[in-house]
Structure formats: structure tokens, C-alpha cells
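Here the structure comes first, spelled out in C-alpha cells, and everything after it is commentary.
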Amino acid sequence: MENRPDEWKIEQGLTGASLPVLDMTGPETRAIPPAEVQKEFKDEDAIKAVGDPNELFQMERTGWKGFVEWEEYPEKKAAAHKILTSQSFPGAPEYQMTEIPATNPLLDGERWKLWHSAIGGELTVVPNDSWKIVLEEKHADMLHILQFPYNGEPPKRLVTSKPVTPNPLHFVRNHGGIPIIDKQNYSFLLDGLVSHPQSFTLDELMDETRFPRMKKHVTMQCSGTRRIEQITRYPGKGDELPQAPWAEGAIGTAEYEGVSLKKIIKACGGLIDDGKHLEFFGADTYFKDNECMNYRVSVPWSKVKANEVMLAWNMNGEPLPKIHGYPLRVVVFGYIGARSVKWLYRIKAINAPTRAPVQSKEYLYFPQQVGKYNMRLTDGIQIQEMPVSSAIMSPWTKQVVIHEGSIRCKGWAYSGGGRWPERVELSADGGFSWYTVPPENLSKKRKWTWRTWEFDLPCDVEGWIDVLVRCWDNALNTQPPDVRTAWNWGLHVTSSCHTINLYSVNKKHPATRARLEDMERNQVPLAPITVPLSIPSQSWDDYEKFWRKHDPRDADED
Ligand code: MTE
């Protein structure tokens with residue numbers, strides 16, 4: 001066998017995707033090469049036989065652009081399935097065992113776009129329409145993790161620039177395209193196990209003589225927040241949408257206005273029979289395993305009964321942006337963002353958690369020894385409340401920091417389930433000693449939100465240090481120290497202490513101060529840290545002076 005030009009990188013595990021699998025079950029170890037790319041095929045006749053997509057997948061309701069109702073129409077689902085299985089599509093891109101592209105958007109979602117155009121009809125223009133909305137509604141500096149379906153987070157410097165996130169900077173997590181819905185034509189249906197199923201328009205919901213208003217600051221957090229830390233430690237399930245490589249920005253806080261879902265259920269005469277869960281339907285189309293479906297999840301009645309589920313039409317005093325669910329979304333306080341369904345078109349009271357794939361096949365927290373080859377869905381805990389977590393937004397890992405004994409740090413801390421950050425601590429020595437952020441350096445305490453913080457972290461070291469943050473919530477829960485303890489096959493819930501490595505340049509040390517002044521005089525650049533200095537580290541005079549005063553290098557015998 002001959003070496004490849006990248007042999008060294010392969011041997012060092014830097015291009016793991018191209019490694020053969022070693023099968024050691026026989027007397028000899030066998031190398032099984034990575035699978036060949038699937039052959040392209042397209043059965044035009046089979047696709048044509050399905051019918052005209054403009055009739056099959058037409059606009060569901062006047063004024064609801066990009067909405068196809070799948071859940072009540074098995075024949076439509078079957079037609080879409082036939083189209084999707086009668087041709088090949090590109091596989092999921094590899095981004096975990098190779099370098100992540102240096103582009104923005106990071107991943108483009110090519111196969112999601114192709115799936116939409118393959119189905120056609122109302123879905124044809126959805127990818128283009130959705131991207132236009134991203135450009136209209138989101139901040140120009142957003143980091144586009146996936147172009148379509150759109151997933152984006154603000155850059156670190158803007159994540160915690162305000163304790164309440166401005167709408168253009170709020171992260172977005174979409175499983176499909178953005179349906180464009182007219183307010184005038186909007187209503188949703190509440191049915192299933194309720195006494196009197198009914199439809200509600202937005203005007204009806206907003207009628208304060210019927211339903212009291214509710215305004216609440218709520219932090220929305222995706223369970224994939226900080227996934228990149230798990231990916232860089234060990235790869236896991238890799239599908240560019242369900243497992244998007246989020247950093248620390250998939251979290252945001254807004255003031256939502258709407259009504260408590262409990263009141264609406266009451267207006268329908270309450271739950272009947274064995275009604276225990278509320279299932280929410282979103283008007284977007286999600287593709288999974290060659291099936292088309294609407295985004296669908298559920299929450300228990302106990303959560304609704306506690307007035308912790310809102311139907312919201314305003315976000316930070318403005319109508320919901322289209323990308324965040326206009327005209328109406330669900331906001332479930334203290335649960336993962338996945339349960340807060342956008343573009344709500346139906347609520348159904350049911351007797352058990354929904355079997356819809358987003359609930360039953362995704363957002364599962366597996367134990368560590370469960371993975372690709374032994375995983376059963378029932379091994380995973382369905383993630384609802386998020387555990388306590390925190391992150392450092394500034395400085396950034398691998399950064400060189402010049403300071404005079406303390407390093408200015410900024411970040412966020414959050415706990416789900418109605419618990420809140422009570423104490424935030426930082427360590428500059430890898431987690432041995434911890435300093436408490438003074439309470440006045442934390443943003444306002446609220447039951448359902450994060451707290452942003454700032455802190456001058458004492459540090460005496462010269463050289464590389466590991467800076468960690470951890471939060472204690474009001475129930476005294478805290479975070480495990482290492483990402484290894486949080487790692488799981490689905491790469492969810494990175495709850496371990498966020499750790500960054502910094503090169504500390506401490507001007508309190510006379511030698512460091514003198515060298516920095518020397519560099520400034522000689523106009524020697526500071527970065528990068530690895531480039532050797534072009535000025536001598538010590539004068540020969542100084543060197544000789546030292547040896548005149550001190551014992552020589554080697555000791556004499558007496
Ligand atoms: N609702 C619909 N209809 N479709 C979606 O893809 N994504 C969910 C949730 N609601 C989603 C949805 C997920 S996983 C999250 S984290 C939140 O929306 C994100 O809300 P945001 O995009 O407003 O920040």
C-alpha cells in the first residue's frame with residue numbers, strides 16, 4: 001500500500017472520515033473502507049405518475065404562502081414519499097471529522113433545497129423566500145450556521161451585548177422554510193380531547209374582554225447550544241439540520257406578549273376524557289426519512305395548567321418577525337426551544353406525548369454508551385427542561401490577553417424549568433479555585449430568563465491558562481467540569497463548564513512590562529503568539545552581568 005499525500009494527517013486523526021473501520025472480530029484484523037458515494041438515479045416515469053405537484057401540493061389556505069398541510073392527508077404524504085424515493089439526493093455533508101468550512105453560511109443545505117424543488121408546488125419558492133426574509137429581518141452580522149432551513153446565531157460579541165436580545169439578533173432555529181401568513185387570513189384550530197373544539201382568529205385572542213393579556217421575559221434556548229464543544233471532543237450523530245454545529249449563541253431572551261393557553265382551553269370547555277398533552281402543529285414543512293410532515297411536538301397539560309405556556313403575537317413590543325413565527329407562536333417557559341412552535345395552525349389535546357418524529361426521534365438525551373450501532377429511541381430521555389448552563393462570550397479561546405492582574409470576562413448563565421442563575425463563578429486555573437461574580441455584575445434576576453454577567457477575573461499567571469465558568473441555580477444545581485461528562489451521541493445539552501484557553505500576558509510582572517515597552521519602541525507586532533520575537537529577549541550585557549553575580553552552570557567538586 002502506498003502513502004497518500006495526507007498520510008500524516010490521516011494517521012493523526014485529523015481527517016477521521018477517510019479512515020477505514022477496523023474489524024477485529026476474526027483471527028486477522030480487516031480494514032473496511034468508507035462507503036462509496038451512492039449512485040445517482042432518477043425514475044422520471046415514476047415521478048410523473050404521482051401527478052401534478054401544483055395540484056397535489058397547492059396553497060392550503062388563502063394568504064398562507066408556503067403552507068402545505070400534511071398531517072391530515074396520508075395520500076399527500078404518500079405522494080411526496082414516492083417522489084423522494086424515486087430519485088437520489090446528495091448525502092448529509094461531513095463537517096465533524098474534517099475542517100468546518102470557513103464560509104458564512106457555514107453549511108448551505110443543498111439537499112434540503114433539492115427536496116423542496118423535487119416536491120414542487122407550493123414548496124418550490126420556499127427556500128428563496130425564506131432566505132429573503134433572513135436578509136430582511138436579521139442583523140447583517142449573524143452567523144448563518146445553515147442557510148436553508150435557516151439556522152443562525154449572533155457572533156459572540158453580540159450575544160450578550162444586551163440582557164434582552166434585540167429581535168434582529170435573536171438566534172433562529174428552523175426545521176423547514178418560513179411560511180408567509182397574512183394576519184387577516186389567520187386562525188388556528190383547537191381540537192382533540194376538548195369539550196368544544198373551536199377556531200380562533202388573532203382578533204379573538206387579542207380581545208381583552210375574553211382573555212387577559214400576558215407579558216413575560218423568557219429565554220429561549222436550543223438544546224444544541226454549545227454543541228461545537230462536543231463535536232470537537234468526539235463526533236456524534238451528524239445530520240446538518242438536527243445536529244447543527246451551534247456555538248454559544250443559540251440562546252436569546254425576549255419579552256413576549258400574548259395569552260395563556262390555559263385560558264383558551266378553558267374557552268373550549270376544558271379537556272375531556274383522558275386529555276393529558278397538548279400537541280402543537282407548525283405550518284412549515286419538515287423532511288425526515290423521505291417523509292414530509294408539519295413541525296409537531298407536545299407538552300404535558302400540567303405545564304399548560306401552571307400558566308407556563310403562552311400563545312404569543314408580540315416579541316419585544318413588536319409583532320413577531322416572520323422568521324420567529326408570525327403571526328402566532330407558542331412560547332413554553334423554561335423548556336427547550338423545540339417545544340415553542342412557530343407559525344401555529346393547530347393545537348390538539350391528546351392523551352400521551354405525540355409520536356411525531358421531532359418529539360420521538362429527535363431531542364433525545366442518550367446515555368454515554370448508547371450510539372450509532374446500539375441506539376434505541378427509548379434509550380433517550382425526551383429533553384424538556386434545560387439544566388443549568390453558562391458560557392463565556394469574551395475573550396475567545398486561543399486569544400492573547402494583556403492585563404494587569406485581572407482579565408475582563410463577559411457571558412451568560414441560564415437554568416431551565418423556572419430555576420434561575422443565583423451565582424456565577426469563574427476559574428483562571430482550570431477549575432481548582434473559583435471567584436464569584438459580584439451580584440451587582442449580573443443582569444436582573446427573573447424566573448424564566450438568563451442573566452448576563454461581566455467580571456474582572458484575578459489572574460497572576462504568564463502563559464496559557466484555562467478559564468472556566470460555572471453557574472449555580474437557585475436549587476443549587478451546578479455544571480459538571482468537563483465536556484466528556486456531558487457528551488452524548490445526539491450531541492445535545494452541553495451542560496459542562498464552558499472552558500476557554502487564553503495566553504495571559506501579565507503586565508504586573510516587571511519583565512513582561514519591560515519587554516512590551518521594548519516591543520512598542522521597536523514597533524514589533526504582538527501577534528501571533530507563536531511567531532518568534534525579532535528583538536533579543538535579553539541584552540548580552542545583562543546576560544554576562546547575571547553570570548558574574550551567580551554560580552556557574554555546573555558545580556565543582558570540593
Ligand atoms: N416551530 C416550527 N414550526 N418549526 C421549527 O422548526 N423550531 C423549534 C422552535 N419552534 C421550530 C419551531 C426550535 S428547535 C427552537 S430552538 C425554537 O423554535 C427557536 O425559536 P426561534 O427561531 O424563534 O429562536
Side-chain angles (χ1 to χ4, degrees), residues 64 66-71 109 112 126 130 133-134 137-139 142 144-146 148-154 159 165-181 188 218-227 241-244 246 249-254 256 279-288 293-299 309-316 318 320-347 354 356-359 361-364 382-384 386 414 416 490 492-493:
W64 289 56
F67 172 40
V68 177
E69 225 274 53
W70 299 100
E71 300 309 315
W112 295 86
V126 165
S130 299
I133 293 171
V134 172
E137 293 191 336
K138 300 316 285 184
H139 194 285
M142 285 293 277
H144 312 304
I145 304 298
L146 178 61
F148 183 79
Y150 185 69
N151 283 262
E153 63 184 319
V159 173
T165 317
N167 290 349
L169 281 174
H170 198 283
F171 84 99
V172 177
R173 169 88 168 130
N174 286 346
H175 286 69
I178 303 167
I180 304 173
I181 305 169
F188 73 92
V218 179
T219 291
M220 186 85 61
Q221 188 191 21
C222 183
S223 64
T225 315
R226 298 178 46 208
R227 172 173 289 134
L241 171 53
Q243 264 68 38
W246 294 108
I251 182 166
T253 299
Y256 295 94
E279 190 181 33
F280 307 129
F281 295 61
D284 46 340
T285 294
Y286 180 42
F287 287 76
K288 190 167 177 73
M293 61 200 80
N294 299 106
Y295 187 90
R296 195 152 60 96
V297 293
S298 70
V299 298
V309 181
M310 189 200 292
L311 303 184
W313 55 78
N314 265 10
M315 182 175 181
N316 290 329
E318 291 168 12
L320 278 177
K322 291 191 193 78
I323 207 163
H324 290 292
Y326 181 87
L328 193 72
R329 79 174 297 170
V330 181
V331 178
V332 183
F333 314 160
Y335 271 21
I336 52 166
R339 308 295 177 241
S340 292
V341 172
K342 307 192 270 193
W343 315 290
L344 181 73
Y345 77 86
R346 183 179 179 190
I347 299 175
T354 177
V358 177
Q359 190 107 359
K361 295 187 178 174
E362 291 173 18
Y363 299 102
L364 299 174
Q382 292 186 0
I383 308 162
Q384 302 277 51
M386 287 295 280
Y414 172 70
H492 285 287
V493 192

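Fair warning: this is a prediction, and the values are worked out from it, not measured in the lab. Start at 1 and go down the list; that is how both ligands and their atoms are numbered.
- Counting only distance, with no hydrogens or angles, the side chain of Gln243 and the backbone of Gly490 share a donor-acceptor pair below 3.5 Å.
- Residues Ile178 and Lys322 come closest through the heavy atom pair CG2-O, 3.6 Å.
- Sorted by chain and number, the residues within 4.0 Å of ligand 1 by heavy atom are His170, Phe171, Val172, Arg173, Asn174, His175, Cys222, Gly282, Asp284, Tyr295, His324, Arg329, Gly337, Ala338, Ser340, Val341, Lys342, Trp343, Tyr363.
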Cut-off 3.5 Å, no hydrogens considered: what does the side-chain donor-acceptor table look like for residues 279-288, sequence neighbours left out?
residue, atom, partner, partner atom, Å
Glu279, OE2, Arg296, NH1, 2.6
Glu279, OE2, Thr354, OG1, 2.6
Thr285, OG1, Trp70, NE1, 2.9
Tyr286, OH, Glu362, OE1, 3.2
Tyr286, OH, Glu362, OE2, 2.4
Lys288, NZ, Glu362, OE2, 3.0

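- Remark: the Thr253 side chain and the Thr165 side chain contain no N/O donor-acceptor pair separated by less than 3.5 Å.
- With sequence neighbours excluded, the residues forming a side chain to side chain contact (heavy atoms under 4.5 Å, CB included) with Ala338 are Tyr295, Ile336, Tyr363, listed by chain and number.
- By the side chain to side chain contact (heavy atoms under 4.5 Å, CB included) test, Pro327 is found to be paired with Ile181, Tyr186, Leu202, residues two or more places apart in sequence or in another chain being considered.
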